[in-house]
Amino acid sequence: MRERSGGQVVVDHLRANGIDAAFCVPGESFLAILDALHDGPTRLIACRHEAAAANMAVAYGKLTGRPGVCLVTRGPGATQASVGVHTAAQDSAPMLLLVGQVSRAVRGREAFQELDVPAVFGPMAKWAAEAGHPDRLPELLARAVQVAVSGRPGPVVLALPEDVLAATTRAADARPVRPVAPGVAPADLARLRELLGGARRPLVVAGGPGWSQAAAADLRTVAEASRLPVAVSFRSQDVLDNRSPSYAGDLGVSANPALAERVRAADLLVVAGPRLGTITTAGYRLLEAPVPRQRLVHVHPGLAELGRLYQPDLAVNAAVGPFLAAWRSVPPVRGDAWAAWTEAARDNYLAWVRPWPGRGPTHAASAPGPAPVDLGQAMAALRERLPDDAVVASGAGNYTAWVHRFFQFRRHGTQLAPKSGAMGFGLPAALAAKVVHPRRPVVAVAGDGDFLMTAQELATAVQHRLDVVVLVVNNGMYGTIRMHQERTYPGRVTGTDLENPDFAALARAYGAAGEAVTEAEAFPAALERALGAGRPALLDLHVDPESIAPGLTLSALRRR
Ligand SMILES: Cc1ncc(C[n+]2csc(CCOP(=O)(O)OP(=O)(O)O)c2C)c(N)n1
Ligand SMILES: [Mg+2]
């Protein structure tokens with residue numbers, strides 16, 4: 001084997017595993033990696049903040065199924081990137097955070113910027129370790145990728161001492177990693193068919209990690225063949241075309257109450273992929289613990305999630321891909337017994353996503369002046385305008401309730417939203433999407449609070465020609481917290497008001513296009529201009545601050 005620097009071994013390993021982009025904020029601790037990237041072909045996106053770089057890596061992992069790579073420097077860089085590690089863990093997204101570390105010769109002295117990376121990230125990541133010798137880098141890197149992509153995917157954090165990266169080695173490369181995706185036994189499928197055969201009110205709950213176009217197509221096939229209703233878990237709305245007669249809506253933070261009721265009333269739940277966590281179970285209220293009233297089939301790639309809280313009648317330790325392919329290969333169970341149940345689920349969904357006409361319930365019809373932007377109508381317009389493969393990214397805030405409800409996802413890999421509910425995710429995720437899919441339209445929707453957590457990445461967008469459209473939902477407040485505040489401490493507003501900059505001017509200062517949209521009617525034309533700007537573009541959407549959630553006003557909250 002020829003002699004290579006440790007940094008070159010790292011870069012060769014990423015490339016061998018199909019990782020064609022990396023996101024970083026540079027540091028002097030990993031110059032050897034930067035140097036190995038100098039001559040390509042791996043695309044390096046240098047960002048303005050490690051939190052954003054880490055979020056981009058999470059989004060890359062979610063979109064490609066390969067680990068998203070984030071390169072940061074020791075203490076200050078790694079700690080700023082930590083939000084991405086947490087999000088990757090909660091999102092079951094494969095990710096590799098590579099941290100330049102102080103040299104081995106001074107390790108343990110609390111040297112400048114030193115951080116005990118395995119100790120800090122151990123409980124948060126799927127695995128965290130530190131390189132000890134350049135000759136063992138191939139072994140370490142192969143294990144890191146293997147752990148990140150196998151079973152329930154997740155983040156791996158590696159500390160790479162500066163001298164290990166700078167030293168040379170003749171170590172041979174490891175082989176590219178093949179993900180281990182646990183599969184299904186024939187007996188499991190026989191039992192699934194038996195349970196379905198005895199059911200009258202079955203409901204599939206789909207989501208979680210490991211989806212692909214093929215898995216999404218298989219879900220559609222099995223669901224429609226047996227006329228099964230399908231609910232999707234929080235922020236997994238793109239695993240089934242929302243136009244399918246089987247699609248019944250999402251079990252997100254502000255789920256349709258009729259859908260929540262349907263989960264309670266079901267006699268069989270086939271949970272394909274998601275964890276049965278706080279949000280999917282509406283705070284552990286839709287199922288009784290540990291023995292649910294509904295019969296439960298739980299399919300999850302992580303062994304630790306099966307029977308973690310709810311004891312299933314049938315637990316299948318499988319990734320959704322192999323599970324759905326196997327399900328599709330057996331004859332469908334006839335769905336006549338529950339045809340009306342499925343149709344009712346679909347009707348509930350269609351009624352739920354119909355935007356209010358005109359000014360909607362939050363604006364008095366007699367209010368003077370033009371109506372401010374109505375987010376329900378804006379999302380419906382966005383859905384009409386964008387092609388099926390466009391990517392929509394968002395972060396956290398009440399504005400996401402409108403995205404989840406009124407934008408319809410039609411293809412797998414088009415929804416990028418953190419299952420961890422982390423603010424500041426939308427813009428970085430959109431930029432990663434543009435790296436992965438340069439020809440697709442990519443739209444980030446962000447709250448005014450949310451957006452300013454990673455707004456500096458507009459510079460990254462302009463520098464790297466990542467032409468995304470950003471919709472800032474400007475209501476002058478941290479709306480979610482304001483809503484909780486008004487509920488718990490009515491009228492006592494503390495810490496939730498926002499005095500915002502001129503977002504459109506800010507965008508223009510970065511070299512992006514920027515425009516304020518103050519009237520509902522102006523949105524479609526402004527969207528058209530933003531999509532055709534030929535550079536990143538931002539629309540500052542002035543919404544009515546009274547409209548605190550779909551169909552709910554601040555004053556109504558206060559009166560409660
Ligand atoms: C990183 C992070 N910090 C704080 C929170 C708590 N939090 C959840 S939503 C929210 C307000 C979001 O405000 P904005 O983006 O303006 O959206 P809005 O609710 O007004 O639509 C806050 C502070 C969080 N989820 N993530
Ligand atoms: Mg806001």
Side-chain angles (χ1 to χ4, degrees), residues 184-208 215-233 236-237 239-251 255-274 276 280-282 285-289 291-300 306 310-316 318 320 322-353:
V184 196
D188 293 337
L189 286 172
R191 179 75 180 127
L192 172 65
R193 295 187 77 247
E194 191 177 84
L195 286 166
L196 277 170
R200 289 296 168 267
R201 296 178 308 282
L203 179 69
V204 176
V205 181
D218 286 344
L219 173 64
R220 185 167 192 166
T221 303
V222 293
E224 292 182 3
S226 291
R227 304 173 78 169
L228 289 163
V230 178
V232 296
S233 59
S236 285
Q237 289 167 261
V239 301
L240 177 63
D241 188 334
N242 297 182
R243 296 167 301 191
S244 162
S246 281
Y247 188 81
D250 73 298
L251 292 167
N256 183 352
L259 181 60
E261 202 36 60
R262 200 166 289 283
V263 177
R264 277 205 193 88
D267 61 0
L268 173 66
L269 297 173
V270 180
V271 179
L276 284 166
T280 305
T281 62
R285 284 174 303 148
L286 298 184
L287 286 82
E288 271 163 40
V291 185
R293 264 181 294 110
Q294 309 91 328
R295 294 214 136 169
L296 176 64
V297 177
H298 194 184
V299 183
H300 200 281
L306 297 167
Y310 298 109
Q311 295 181 297
D313 294 274
L314 171 62
V316 183
V320 284
F323 170 71
L324 291 164
W327 188 358
R328 199 199 53 188
S329 71
V330 298
V333 173
R334 285 182 66 89
D336 305 332
W338 52 76
W341 157 263
T342 302
E343 270 167 38
R346 180 67 185 166
D347 287 347
N348 288 159
Y349 165 72
L350 291 175
W352 177 247
V353 300

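All of these numbers come straight from a predicted model, not from anything done at the bench.
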Participant: What distance separates Leu240 CG from Glu224 CD, expressed to the nearest 0.5 Å?
Facilitator: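 The CG atom of Leu240 sits 7.0 Å away from the CD atom of Glu224.
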
Participant: Between Pro202 and Leu196, is there a side-chain heavy-atom distance shorter than 4.5 Å?
Facilitator: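 In contact.
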
Participant: Tell me the closest heavy-atom pair linking Asp218 and Ala325, and the distance in Å.
Facilitator: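 Scanning both residues completely, I find the closest heavy atoms to be OD2-CA, 3.5 Å.
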
Participant: So, does Arg191 use its side chain to make a donor-acceptor pair with the main chain of Asp313 at under 3.5 Å?
Facilitator: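 Here the side-chain-to-backbone pair does not exist.
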
Participant: Of all residues at least two apart in sequence or in a different chain, which pass the ring-ring contact (aromatic ring centres under 6.0 Å, His included) check with Tyr310?
Facilitator: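 Expected list: none.
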
Participant: What heavy-atom pair brings Val184 and Ala318 nearest, and what distance separates the two atoms?
Facilitator: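 For Val184 and Ala318, the tightest heavy-atom pair comes out as CG2-CB, 3.9 Å.
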
Participant: So how far is it from Arg262 CZ to Arg201 CZ, rounded to the nearest 0.5 Å?
Facilitator: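 The distance works out to 10.5 Å.
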
Participant: Where the side chain of His298 meets the backbone of Pro274, is there a donor-acceptor pair that is under 3.5 Å apart?
Facilitator: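 Yes: the side chain of His298 pairs with the backbone of Pro274.
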
Participant: Roughly how far, to the nearest 0.5 Å, is the CG atom of Leu306 from the CG atom of Leu296?
Facilitator: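 Reported value, rounded in 0.5 Å steps: 9.5 Å.
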
Participant: Measure from the side-chain N and O atoms of Ser236 to the backbone N and O of Val232, and report whether any donor-acceptor pair falls under 3.5 Å.
Facilitator: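 Pair absent, no side-chain N/O of Ser236 close to backbone of Val232.
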
Participant: Less than 4.5 Å apart, side chain to side chain, heavy atoms only: is that true for Pro229 and Arg346?
Facilitator: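 Counting from C-beta outward, Pro229 and Arg346 never come under 4.5 Å.
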
Participant: How close do Gly207 and Val320 get, counting heavy atoms only, and between which atoms?
Facilitator: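 Gly207 and Val320 have their closest heavy atoms at O-CG1, 4.2 Å.
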
Participant: Pair Asn242, Val353 - check side chain to side chain contact (heavy atoms under 4.5 Å, CB included), show working.
Facilitator: CA-CA 11 Å; Asn242 297 182; Val353 300; over 6 Å; no

Participant: Run the salt bridge (Lys or Arg N to Asp or Glu O under 4.0 Å) test on Asp267 and Arg200 for me, step by step, so that the C-alpha distance in whole Å, both residues' side-chain angles and the decisive distance to 0.1 Å come before the verdict.
Facilitator: CA-CA 7 Å; Asp267 61 0; Arg200 289 296 168 267; over 6 Å; no

Participant: Determine the interplanar angle of the Trp327 and Phe323 rings, folded into 0 to 90°, and report it as parallel if under 30°, tilted if 30 to 60°, perpendicular if over 60°.
Facilitator: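 Tilted: the ring planes of Trp327 and Phe323 meet at 30° to 60°.
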
Participant: Any side-chain to backbone donor/acceptor pair from Ser246 onto Leu228? Under 3.5 Å, distance only.
Facilitator: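 Checking the backbone N and O of Leu228 against the side chain of Ser246, a donor-acceptor pair under 3.5 Å is found.
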
Participant: Would a distance-only check, ignoring hydrogens and angles, find a side-chain to backbone donor-acceptor pair under 3.5 Å from Gln294 to Val263?
Facilitator: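 Yes, because the side chain of Gln294 sits within donor-acceptor range (under 3.5 Å) of the backbone of Val263.
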
Participant: Could you give the distance from CG (Leu269) to CG (Leu286), rounded to the nearest 0.5 Å?
Facilitator: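 Answer for the CG-CG pair, Leu269 versus Leu286, is 9.0 Å.
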
Participant: Step through the shown structure and confirm whether more than 12 heavy atoms of other residues, nucleotides or ligands are within 6.0 Å of CZ on Arg264.
Facilitator: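 Yes, CZ of Arg264 has more than 12 neighbouring heavy atoms, counting only those of other groups under 6.0 Å.
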
Participant: Please name the pair of heavy atoms, one in Leu203 and one in Ala266, separated by the smallest distance, quoted to 0.1 Å.
Facilitator: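 That would be CB-CB, 4.3 Å.
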
Participant: State whether the side chain of Arg227 and the backbone N or O of Glu343 hold a donor-acceptor pair below 3.5 Å, judged by distance alone.
Facilitator: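 Looks like no, no N/O pair under 3.5 Å.
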
Participant: Using modelled atom types only, decide if a donor and an acceptor are shared between the side chain of Thr280 and the backbone of Leu276 within a distance under 3.5 Å.
Facilitator: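 Such a contact is absent between Thr280 side chain and Leu276 backbone.
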
Participant: I need the Arg243 CZ to Arg220 CZ distance, nearest 0.5 Å.
Facilitator: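 One gets 7.0 Å once the value is rounded to the nearest 0.5 Å.
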
Participant: Do you know which two heavy atoms are closest between Leu219 and Ala206, and how far apart they sit?
Facilitator: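 What the structure gives for the nearest pair is CD2-CB, 3.8 Å.
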
